[in-house]
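Working notes, structure below.
As the structure is a computational prediction, the values presented were derived from the model and not from experiment.
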Amino acid sequence: MIMNEIISSNAKLIKRTLFISASFCFALSSIAQDQIKDNSFTFRRSSLYTFIIKSDKDSIKMDKKLDSSGNVFTDVIAQTQADKKQTTADDSIPKIDLIVREFTEIPIPPQFDSLCLETRVVDFDQYPVTLEEVEAINATTTGEKKKKGFGKLVKSVGSVAASTLTAGSLEIDTMNIKTYLPAVIDKYFKQNEVPSMLLCKWFNYSDEAKEIRPNYMSHYNMELIKERGKQSTTAEEIDIAQNAERGEAFLKDAGKDLLSNTFVMAIYLQYLSKEELMKQVQDGLTVATGIAGAFGVNTDLMLWGTQAAGAVAGATMGSGYFVQATSYLYRLNWNEEKTLQFYKELYDKPLEDLIKSGICQLEFIGKDKAYSGVRASRFSKRPESELLNRATARAIDAAIAKLQKEHDEFKTKTPVVKIDEKEGLLYASIGLREGVEAGDVYTVLQPIVDPVSYEITDFEAIGKVKAVKDQIYDNRYQADIEREEDAENGQATENSLKYTAFKGKVKQEWQGCLLKLEKKK
């Protein structure tokens, strides 16, 4: 049950008001982590739609590489199967198919609300694009952020063997696929009207118009908007066509906080051996600190070349092979004006009118890649599909964390769940999954509450804290299961924390505030 603490007689206290779960209040007098209860806040989360891109041609090549002689993964599996004198059904399934089978079971990270469309797996081979289309994407993409994602992609691979890459192309290699990925993603968006479908998801579109209030028929409703906006406004109160002031304010607020914070992440997954991973480091094809960070290595110690590869190798003992997630991030281009235009002109119209209007568009934010090791079977009794599922989820989480560190608009806020003013500590339920590292600086945000509507209108920065070394919560996907496996293998489990500790000039009145990662300089 959510408690609404609003003290209207004191403007300063109103400014600091945040809705706190009643079940959490009793924990304020104790430091013990096992007494800190989950709490529910009314701040609005960003929404995320994730999908993976697969290519059967490329997956066959990756499987062949892993099956080549001398591969650590192959040797380990062969020995394990010999010991068990049995095989599993997963052994004969291409690994990309295992990923596809398990992908939809991987939850959207808790810092986001899900806005996933029905399509979660996009077949690369079903969206043939030409080199000219790739160049067109590059030509129409401007700005520093976008150049990082699209610029010089064609030049990065030299000459391309064919002007069109299709499912029938036999000479597909990883670099070619990455060259064409932005254009393939763009074609998927356009052919399937993805931006418009996201808006339809927000407004619960139905082909059949329904009466949402007396004598007013619409294909849309605002139930999801109200739910995620934590509003009590009813559909009858929202009537912009008649200049209802509260309805207009509600929609503007929704457009600013909800719709404009709708993100799409396209993920291209590959798997590679430890030798391939270390070779990438040695060849300078990827930043050593980026790889090391995905495995919890102290990035301050990381160097290029052989030293970096050695550090990565030492950090990934027990891994059979690796999942690499190359992620492309997009954002729904939305604002208050579009919200009002949609409601006034399109709310009672069918989908075709929305598409023709052209108001729904996605803008490119950036790209990055991250890795996670697939635990070798000899260290776990679980099937390969489950181990691959774990590594895939972690690689995607790591990619999200890296994108958040680079792009402020993608960063999320997390609630403070515990204050210990005497020790100068506060706690939050984020950790390794969100890429928290010792020394990371977070801004403490105080909610500003409107004294009339009692709704959070903005946030004010009131302090800073740093993540404490050795007090970072290991909340990675299936970390608890991995600790059990470690115990079965005689390895100590050191991280049993449930929250991450942050140090600073902490004040008790910061209870109910939020944390947001500062951009690293």
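- Using modelled atom types, one finds no donor on one side chain facing an acceptor on the other under 3.5 Å when comparing Thr262 with Trp334.
- Counting only distance, with no hydrogens or angles, the side chain of Ser218 and the backbone of Tyr347 share a donor-acceptor pair below 3.5 Å.
- Checked by atom type and distance alone, the side chain of Arg228 never pairs as donor or acceptor with a backbone atom of Arg45 at under 3.5 Å.
- A donor-acceptor contact shorter than 3.5 Å is absent between the side chain of Gln191 and the backbone of Tyr188.
- Counting only heavy atoms from C-beta outward, the side chains of Tyr49 and Phe263 never approach each other to under 4.5 Å.
- Judged purely by atom type and a 3.5 angstrom limit, Asn475 uses its side chain to pair as donor or acceptor with the backbone of Leu432.
- For an aromatic pair to be called close, the ring centres must be under 6.0 Å apart, and Phe410 with Phe112 satisfies this.
- With a 4.5 Å cut-off on side-chain heavy atoms, Ile462 and Cys513 count as touching.
- Here the two rings, on Tyr330 and Phe189, have centers that are under 6.0 Å apart.
- Legend: residues meeting salt bridge (charged side-chain N to carboxylate O under 4.0 Å, His left out) with Lys405, ordered by chain and number and at least two apart, are Glu437, Asp440.
- For residues 195-211, there are no salt bridge (Lys or Arg N to Asp or Glu O under 4.0 Å) pairs, not counting sequence neighbours.
- Taking a cutoff of 4.0 Å between a charged side-chain nitrogen and a carboxylate oxygen, Lys356 and Asp353 do not qualify as a salt bridge.
- Between Val122 and Ile52 the shortest side-chain heavy-atom distance does not fall below 4.5 Å.
- One distance of note links CD1 of Ile267 with CD1 of Ile53; it measures 8.5 Å at 0.5 Å rounding.
- Shown here are the side-chain hydrogen bond (donor to acceptor under 3.5 Å, both in side chains) partners of Asp123, two or more places apart in sequence or in another chain: there are none.
- The shortest distance between side-chain heavy atoms of Gln341 and Glu336 does not fall below 4.5 Å.
- Rounded to the nearest 0.5 angstrom, Asp397 CG and Arg476 CZ are separated by 10.5 Å.
- Two residues are said to be in side-chain contact when any heavy atoms from C-beta on lie closer than 4.5 Å; Asp113 and Ser46 fail this criterion.
- There is no side-chain donor-acceptor pair under 3.5 Å between Gln126 and Lys187.
- Comment: Arg101 does not engage Asp97 in a salt bridge, judged by the lack of any side-chain N to carboxylate O separation of less than 4.0 angstrom.
- Scanning for side chain to side chain contact (heavy atoms under 4.5 Å, CB included) contacts around Ser196 gives Glu193, Leu354, Ile355, Cys360, with sequence neighbours left out.
- With hydrogens and angles disregarded, no donor-acceptor distance shorter than 3.5 Å links the side chain of Thr119 to the backbone of Val121.
- Looking only at distances, a side-chain donor or acceptor of Thr500 sits under 3.5 Å from a matching main-chain atom of Ile430.
- Between Val465 and Leu426 there is a side-chain heavy-atom pair separated by less than 4.5 Å.
- Scanning for salt bridge (charged side-chain N to carboxylate O under 4.0 Å, His left out) contacts around Lys349 gives an empty result, with sequence neighbours left out.
- Between the CG atom of Leu259 and the CG atom of Asn335 there is a distance of 10.5 Å, given to the nearest 0.5 Å.
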Derivation of the ring pair (Phe, Tyr, Trp, His ring centres under 6.0 Å) call for Tyr371 and Phe322: CA-CA 7 Å; Tyr371 305 78; Phe322 298 87; 7.8 Å; no

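- Legend: residues meeting ring-ring contact (aromatic ring centres under 6.0 Å, His included) with Tyr477, ordered by chain and number and at least two apart, are absent.
- Taken from CD1 in Ile481 to CG in Leu387, the straight-line distance is 10.0 Å, to the nearest 0.5 Å.
- Distance check, rounded to the nearest 0.5 Å: CZ of Arg331 to CD1 of Ile365 gives 6.0 Å.
- Contact between Lys178 and Pro182 at its shortest, heavy atoms only, is O-CD, 3.6 Å.
- In this structure, CD1 on Ile185 lies 11.0 Å from CG on Leu362, to the nearest 0.5 angstrom.
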Let me see the working for Asp408 and Lys411 under salt bridge (charged side-chain N to carboxylate O under 4.0 Å, His left out), right down to the final yes or no. CA-CA 5 Å; Asp408 194 64; Lys411 290 177 182 175; 3.6 Å; yes

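- Listed by chain and residue number, Arg433 satisfy the side chain to side chain contact (heavy atoms under 4.5 Å, CB included) test with Pro110 (two or more places apart in sequence, or in another chain).
- For Phe203 and Phe342, the ring centers sit closer than 6.0 Å to each other.
- Here Tyr442 pairs with Phe502 under the ring-ring contact (aromatic ring centres under 6.0 Å, His included) rule; sequence neighbours left out.
- For Glu518, the salt bridge (charged side-chain N to carboxylate O under 4.0 Å, His left out) criterion is met by Lys464, not counting sequence neighbours.
- Distance alone, capped at 3.5 Å, places no donor-acceptor pair between the Lys516 side chain and the Thr443 backbone.
- Annotation: side-chain hydrogen bond (donor to acceptor under 3.5 Å, both in side chains) contacts of Asn333 (sequence neighbours excluded): none.
- No side-chain heavy atom of Asp368 sits less than 4.5 Å from a side-chain heavy atom of Tyr328.
- Under the side-chain hydrogen bond (donor to acceptor under 3.5 Å, both in side chains) criterion, Arg390 pairs with Gln478, Glu485, sequence neighbours left out.
- Of the possible polar contacts, none joining the His219 side chain to the Tyr205 backbone as a donor-acceptor pair under 3.5 Å is found.
- Not a single salt bridge (charged side-chain N to carboxylate O under 4.0 Å, His left out) links Asp348 to another residue, sequence neighbours left out.
- Lys367 has no carboxylate O lying under 4.0 Å from a charged side-chain N of Glu406, or vice versa, which leaves the two without a salt bridge.
- For an aromatic pair to be called close, the ring centres must be under 6.0 Å apart, and Tyr427 with Tyr473 fails this.
- Looking at Gln404 and Thr412, their side chains come closer than 4.5 Å, going by heavy atoms from C-beta outward.
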